Amino acid sequence: MKSIADIMKIRDQMQSEIIMRDNTDDNQETRIVVGMATCGISAGARPVYNTLIDEVAKRNLKGVKVTRSGCLGMCKLEPIVEVFVPGQEKTTYVHVDAEKAKKIVQDHIVNGSVCKEFLITNE
Amino acid sequence: MYRNTVLICGGTGCTSNNSPAVAAEFDKLIKERGLENDVAIIKTGCFGLCANGPVCVVYPEGAFYSFVKVEDVKDIVEEHLIKGRLVQRLLYKEKNEATSETVRALSDTNFYKQQTRIALRLCGVINPENIDEYIAYDGYQALIKVLQTMTPQEVIDVIKNSGLRGRGGAGFPTGLKWQFCRNAVGDEKYIACNADEGDPGAFMDRSVLEGDPHSVIEAMTIGAYAIGAHQGYIYVRAEYPIAVQRLQIALKQAREYGLIGKNILDSGFDFDLDIRLGSGAFVCGEETALMTSIEGKRGEPRPRPPFPANKGLFGKPTVLNNVETYANICQIILKGADWFAAMGTEKSKGTKVFALGGKITNTGLVEIPMGTPLRKIIYDIGGGCPNGKKLKAVQTGGPSGGCIPASLIDTPVDYESLAAIGSIVGSGGMIVMDEDNCMVDIAKFFLEFTVDESCGKCTPCRIGTKRLLEYLNKITSGKATLQDLDDMEKLCYFIKANSLCALGQTAPNPVLSTLKYFRDEYIAHIVDKKCPCHVCKDLVQYTITDACKGCTLCARNCPVKAISGTVKEKHTIDQSKCIKCGLCMTNCKFNAIVKE
């Protein structure tokens, strides 16, 4: 036997698991794209990718999709994470690790402020 | 947390196309690669695009793979799931288009993007065997809302205002039906679900039960609360093993969660739900016959009134609705009557699911707002007739419905418009016919079905349909006269006027509608003794033309040795021996055999 509170709890928990199956229009959704070519993976993109998925799920963020892409051509800057928010210019983060990934979700996706410290610098 | 989710269709269509083996292969390879914790493999209900089965979708990319064979699974696992590269060759391709582009995501296909899915909302989206996934998509929220905040009368008012009408075919307003039953005097009431889907070519209800069984269970619980019932029955045919199994699992889970049973969600409301299996008699889809069958008796109809809302199951007031009707209820409760009433036409609200079959490129399940022109369903969504053939007619409503000729293709699909041109919306079967289909033969096919399925209780149906079929046989064998045609038409009206239940009353419809729009084909059979489409065997003849090289292939393949001739000389067919199997024509390498 479950109470109404139990049902609500199941709903909230499960929603993070099914979030991936969100079929919202590509133009409406925020996409977080991780470079997962050989260069990206060897530089540590996998833990970054997994962290992003976990964070998005944990916060139950709707309309946010984490996907992968190939090599962007700047292998020395990998792992690279690109963020596409509808109506905004794309943001490219470089040398991302799991900790930085968490911060990107927190600051950029949730609060809407770009993490300037992880951007490409013109050195 | 899973990185990827693979949804594999486990509906009847894809199951018969080997999807269980595909799913098993996924499980095996995922385990071999140690990805069990990264990739979720989920078996869903019908996606709708049955023609391209087995289908599967891989998230988060939403990549839509079609015609997936067991051998293909390795590529999807190695390329897509491990390396993140889509397997281009398996992606869905639009048909009948000059630039046959590959489509990445399900929602981008012409087939899906023009649909509005309410009853099919979760078919192909959730795992129907896991109640938690249903809950995640706001499942049982409508029940909570009803039990916590609404009186039974308020529930009925919402359904009334939504304009929802029965999706089983007759189109009776659902809210009104509930109101009658609520107002009926009686200490005990019942609610029942008609899942005895029997029209040839129709599989809407099966797909809802297979893909989203909880939506029906939740809606029936809401309905029971509204009318004051404490026991419900789902009458489903035993020929739907997957649907029955998923229903059983769903009922068990709902019972464990206390969503059916005693004191539901601590509200004090009791309701339990059981399955009754039907053995597949078409007449049991008729409401009085269905209830007689649930009572354990032979499934035969009885005269109405009294209507079931006053005297139904076990003589008690009963509400009986179709699966698809129930599948709309929870969404109406959650989103409101106005939301639902905003879709469709003035008198036909909401959406309707159709099972597209016959000569159509995208065989499958589509859900569109009422009032959508037939043209859009057949061409834009269904992709038109395959092999460049010309559309001839669309049959809606199965054995109770009629044929709509291609000239009326712009008719909006709603209860009134289809009735006006001699067909019905029906339960949702939609069979497409191209220029090769003989309309007399089609009428005969449906009549054969009703003769088989007539329960025999009343004479007009039992004997009338049999006589009607005899007329059709006479016509297709070239032995009928124009007098027969007139007599046959009269008989049609007699059967309609005098049969006891809807089975008999509607049985002549396929004949009447083809007579109305394709009378010239009937005349051709009778007067010219010709079947214009070369379908009716007795009226076609195979002959060998001068193109014959005397290769003897036809003579060697003829099962009744009707072809004679010597090597390198033109052969001939002995018409008295020929059984018109067409083997000679299929085998001829020189196109020297013609059918006329």
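Quick caveat: nothing in here was measured; it's all calculated off a predicted structure. Each chain gets a letter, A, B and so on, in the order its sequence line appears, and its residues count up from 1.
For the atom pair CZ (A:R68) and CG (B:L86), the distance works out to 9.0 Å, reported to the nearest 0.5 Å. Once rounded to the nearest 0.5 Å, the distance linking CD1 of A:I10 with CG of B:D132 reads 5.0 Å. If you take CZ on A:R11 and OH on B:Y137, they are separated by 13.0 Å, rounding to the nearest 0.5 Å. Between the CG atom of B:L143 and the CD1 atom of A:I4 there is a distance of 8.5 Å, given to the nearest 0.5 Å.
Of the two parts of A:M1, the backbone and the side chain both hold a non-hydrogen atom closer than 4.5 Å to a non-hydrogen atom of chain B. With a 4.5 Å cut-off on non-hydrogen atoms, B:I131 does not touch chain A at all. Heavy-atom distances place both the backbone and the side chain of B:E133 under 4.5 Å from chain A. Interface residue B:K262: only backbone heavy atoms are found under 4.5 Å from chain A. Within the 4.5 angstrom heavy-atom criterion, no atom of B:I264 approaches chain A.
Taking chain A as the reference chain and counting heavy-atom pairs below 4.5 Å, the highest number among B:R255, B:H80, B:R85 is found for B:H80. When B:G258, B:A136, B:G139 are compared by the number of non-hydrogen pairs under 4.5 Å with chain A, B:A136 comes out ahead.
The neighbour count for A:E117 CD, taken as heavy atoms of other residues, nucleotides or ligands under 6.0 Å away, is above 12. Atom NZ of A:K102 has 12 or fewer neighbouring heavy atoms from other residues, nucleotides or ligands inside a 6.0 Å radius.
Within the 4.5 Å cutoff, side-chain heavy atoms of B:L259 are placed close to those of A:I7. With a 4.5 Å cut-off on side-chain heavy atoms, A:M14 and B:I135 do not count as touching. A 4.5 Å side-chain heavy-atom check between A:M8 and B:Q141 finds at least one atom pair inside the cut-off.
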